[in-house]
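Beneath this line is the structure, given in structure tokens, with notes to follow.
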Amino acid sequence: KFTRFLTIALLAAPAWATIPVPDATPAAIAYQHGRDFFFLFDFAFGLAVAALFLATGWAARLRDFAARISFGRWFWTVSLTVLFYGALATLIGLPVAWLETFWLPHKYGISTETAPHWLRDQTVSLAVYGVLTLLVAWIPYRLTRLSQRWWLWATAALLPLVVLFVAISPVFITPLFNVFAPMQDKRLESVLRAETLRVGLGDAPIWVMDQSRTSKAPGAYVTGLFGTREIVLFDTLVKGFDERQIKFVLGHEMKHYLLDDVWKLVGILAVLLLAGFFTADRLGKYVLRRWGARFGVSGLADPASIPLLTATFSIAIFVLTPVLNLTTQSIEHEADRFGLELTQDNDAAASAFVKLQAGNLGVPDPGWVQRIWRTDHPTLRDRIDFANDYHPWKEGQKLVYGAYMNPK
């Protein structure tokens with residue numbers, strides 16, 4: 001009887017088996033602590049730079065200089081003041097950015113980026129900032145002159161531009177930083193295309209991005225709106241994960257596509273815009289009433305107020321981030337559920353998260369700074385546990401997203 005019981009137990013074991021949550025390595029813990037430090041330091045440093053430009057009168061001098069070279073033309077005075085401030089603040093912060101985004105990931109072996117490529121990306125980012133400044137910087141400054149509720153109208157005016165930016169970003173912005181190519185493995189592509197057909201997304205483009213040029217970290221994302229929406233898999237994911245794990249990751253990303261999570265992102269950006277402008281109105285006016293004359297800034301409509309607007313925006317985002325993270329964690333959790341229901345492969349999902357933890361130097365149980373401010377996904381422990389435990393198809397239960405999974 002014992003032998004019979006043991007045989008049955010051994011045969012049943014694979015159905016009961018779960019993939020354990022691996023402990024964080026010392027390197028991963030140190031790396032995440034370093035990122036926590038830089039997250040807090042970036043916030044404080046940004047406020048300090050803004051305070052420096054205001055207290056020294058540099059912001060007022062930038063405005064005066066912009067007015068002289070633009071011959072007093074209001075549009076160019078505003079745009080050039082904002083552009084000069086952004087460029088100078090970027091240059092002042094360049095050593096910090098280098099330590100955070102180049103030195104730290106290289107120290108822990110996660111980055112493959114060369115110094116010239118890093119400098120190129122910084123330059124391209126600054127150029128993109130310059131173009132965006134010329135397009136939109138004048139809008140809130142004009143509205144501050146027209147209405148006491150400029151913060152509301154500025155949000156309404158900029159939101160369509162945010163939608164436009166999200167829509168065109170895959171076509172015009174992201175290719176400035178990475179190369180996107182069709183899959184070389186045609187058999188894998190056919191397998192993944194069969195999954196997109198299952199959920200009615202047979203025409204959704206799937207690109208492979210050259211992540212390995214800058215980092216060893218695996219990943220994927222969905223971006224864009226309307227006809228520009230696309231699924232992007234990192235080449236580090238394609239090379240380092242097996243077919244079943246990639247199918248789960250694809251399923252996760254297709255949920256974002258199908259259930260309009262990009263629009264939810266737009267909604268989050270709208271909240272940040274509204275909160276940022278409102279904080280600038282209330283806190284900014286208070287600061288200028290007390291110290292505006294000393295700063296040489298006459299009011300929020302004065303383009304020399306740009307350091308103050310930047311600082312108040314940072315404060316609003318810092319305060320709101322924990323709440324917004326809870327929102328995105330819920331969205332990502334449901335994407336995990338969708339991927340599991342589509343593939344019905346718990347082992348592939350859980351093992352994919354284990355690889356993500358290793359490749360990204362992740363920590364399954366993050367500290368309070370990372371958990372509150374930096375974690376916009378569920379923790380790796382929660383994701384692995386959910387991948388192990390969620391299998392309603394084995395228990396005859398109705399799938400939450402079953403309506404999206406009709407084979408064709």
Side-chain angles (χ1 to χ4, degrees), residues 19-51 93 96-111 215-219 221 252 261 264-265 267-269 271-272 274-276 278-279 283 310-337 349-350 352-390:
I19 293 179
V21 180
D23 293 331
T25 65
I29 294 172
Y31 176 63
Q32 295 301 334
H33 283 171
R35 293 188 67 195
D36 290 344
F37 168 79
F38 277 111
F39 171 80
L40 296 174
F41 185 83
D42 285 345
F43 174 66
F45 185 78
L47 296 182
V49 170
V96 177
W98 181 83
L99 288 171
E100 179 179 4
T101 62
F102 188 84
W103 172 80
L104 183 68
H106 272 85
K107 178 181 179 180
Y108 292 100
I110 198 173
S111 177
S215 174
K216 299 177 183 178
Y221 64 87
H252 173 107
D261 287 346
K264 296 172 187 175
L265 172 62
I268 290 173
L269 293 175
V271 170
L272 291 177
L274 184 63
F278 182 78
T279 304
L283 182 58
T310 302
T312 52
F313 248 93
S314 296
I315 292 170
I317 292 172
F318 185 83
V319 171
L320 278 179
T321 292
V323 177
L324 297 178
N325 279 346
L326 292 176
T327 302
T328 57
Q329 287 167 19
S330 175
I331 292 171
E332 295 297 336
H333 175 70
E334 290 306 308
D336 289 345
R337 187 193 307 276
F353 289 134
V354 171
K355 285 188 177 181
L356 284 170
Q357 176 178 327
N360 291 295
L361 287 183
V363 175
D365 300 298
W368 65 272
V369 174
Q370 184 179 352
R371 186 181 293 271
I372 294 174
W373 276 289
R374 292 184 45 237
T375 305
D376 54 4
H377 286 59
T379 66
L380 283 164
R381 178 175 296 280
D382 289 341
R383 301 182 85 178
I384 294 172
D385 286 344
F386 181 70
N388 282 322
D389 298 339
Y390 184 72

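The structure displayed is predicted, hence computed values, not measured ones.
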Notebook entry, point to check: Given side chains that start at C-beta, do those of T379 and R383 come closer than 4.5 Å, heavy atoms only?
Noted result: no
Next item on the list: Check the pair F353, V21 against side chain to side chain contact (heavy atoms under 4.5 Å, CB included), reporting the backbone distance first and the verdict last.
Entry: CA-CA 9 Å; F353 289 134; V21 180; over 6 Å; no
Notebook entry, point to check: So do T328 and H377 actually touch side chain to side chain, heavy atoms under 4.5 Å?
Noted result: no
Margin query: Can you confirm whether R374 sits close enough to R35 that some side-chain heavy atom of one is under 4.5 Å from a side-chain heavy atom of the other?
Written below: yes
Next item on the list: Check whether any side-chain heavy atom of L104 sits under 4.5 Å from a side-chain heavy atom of L99, and report yes or no.
Entry: no
Note to self: Tell me the closest heavy-atom pair linking S314 and L47, and the distance in Å.
What the structure shows: CB-CD2, 4.5 Å
Checklist line | Where Q357 and P364 come nearest, the two heavy atoms and their spacing | finding: NE2-CD, 3.5 Å
Check: Honestly, is R337 close enough over F386, meaning NZ or CZ under 6.0 Å from the six-membered ring centre and within 45° of the axis?
Finding: no
Check: Under the ring-ring contact (aromatic ring centres under 6.0 Å, His included) test, which residues partner H33, sequence neighbours left out?
Finding: none
Note to self: I'd like to know if the side chain of Q32 reaches the main chain of L361, judged simply by a donor and an acceptor atom lying under 3.5 Å from each other, with no hydrogens or angles considered.
What the structure shows: yes
Notebook entry, point to check: Okay, side chain of S215, backbone of I110: is any donor-acceptor separation there less than 3.5 Å?
Noted result: yes
Item checked: Backbone N/O of T375 and side chain of Q329: donor-acceptor pair under 3.5 Å -> yes
Notebook entry, point to check: Has the side chain of N388 got a donor or acceptor atom that lies under 3.5 Å from a matching backbone atom of I19?
Noted result: yes
Check: Are L380 and P22 side-chain neighbours, meaning at least one heavy-atom pair lies under 4.5 Å?
Finding: no
Item checked: A24 to I29 - nearest heavy-atom pair and separation -> CB-CG1, 3.8 Å
Margin query: Nearest 0.5 angstrom please: L320 CG to W373 CH2, how far?
Written below: 12.0 Å
Next item on the list: Measure the spacing between CG of L326 and CD1 of I372 and express it to the nearest 0.5 Å.
Entry: 10.0 Å
Note to self: Given 3.5 Å as the limit, does a donor-acceptor pair link the side chain of T279 with the main chain of A316, or not?
What the structure shows: no
Note to self: Let me confirm one number: the CZ-OG1 distance from F38 to T101, rounded to the nearest 0.5 Å.
What the structure shows: 9.0 Å
Checklist line | Among N325, V319, V323, side chain to side chain contact (heavy atoms under 4.5 Å, CB included) partner for T321 | finding: N325
Check: Can you find a pair of side-chain heavy atoms, one from I317 and one from F43, that are under 4.5 Å apart?
Finding: no
Checklist line | Any residue meeting side chain to side chain donor-acceptor pair (under 3.5 Å) with S111, in chain and number order, not counting sequence neighbours | finding: H106
Note to self: F318 vs F39, test: side chain to side chain contact (heavy atoms under 4.5 Å, CB included). Steps then yes/no.
What the structure shows: CA-CA 10 Å; F318 185 83; F39 171 80; 3.8 Å; yes
Next item on the list: Taking all non-hydrogen atoms of both residues into account, name the closest pair between D376 and E332 and its distance.
Entry: O-CG, 3.9 Å
Note to self: If the condition is ring-ring contact (aromatic ring centres under 6.0 Å, His included), which residues does F41 pass it with, not counting sequence neighbours?
What the structure shows: F37, F45
Check: Can you name the closest pair of heavy atoms from Y108 and A30 and give their distance?
Finding: OH-CB, 3.3 Å
Check: What distance do L283 atom CG and F278 atom CZ have between them, rounded to the nearest 0.5 Å?
Finding: 11.0 Å
Notebook entry, point to check: For K216, does the NZ atom have more than 12 heavy-atom neighbours from other residues, nucleotides or ligands under 6.0 Å away?
Noted result: no
Next item on the list: Say whether, by atom type as modelled, one donor and one acceptor occur between the side chain of N360 and the main chain of L356 under 3.5 angstrom.
Entry: yes
Note to self: Within a 6.0 Å radius of atom CG on D23, are there more than 12 heavy atoms belonging to other residues, nucleotides or ligands?
What the structure shows: no
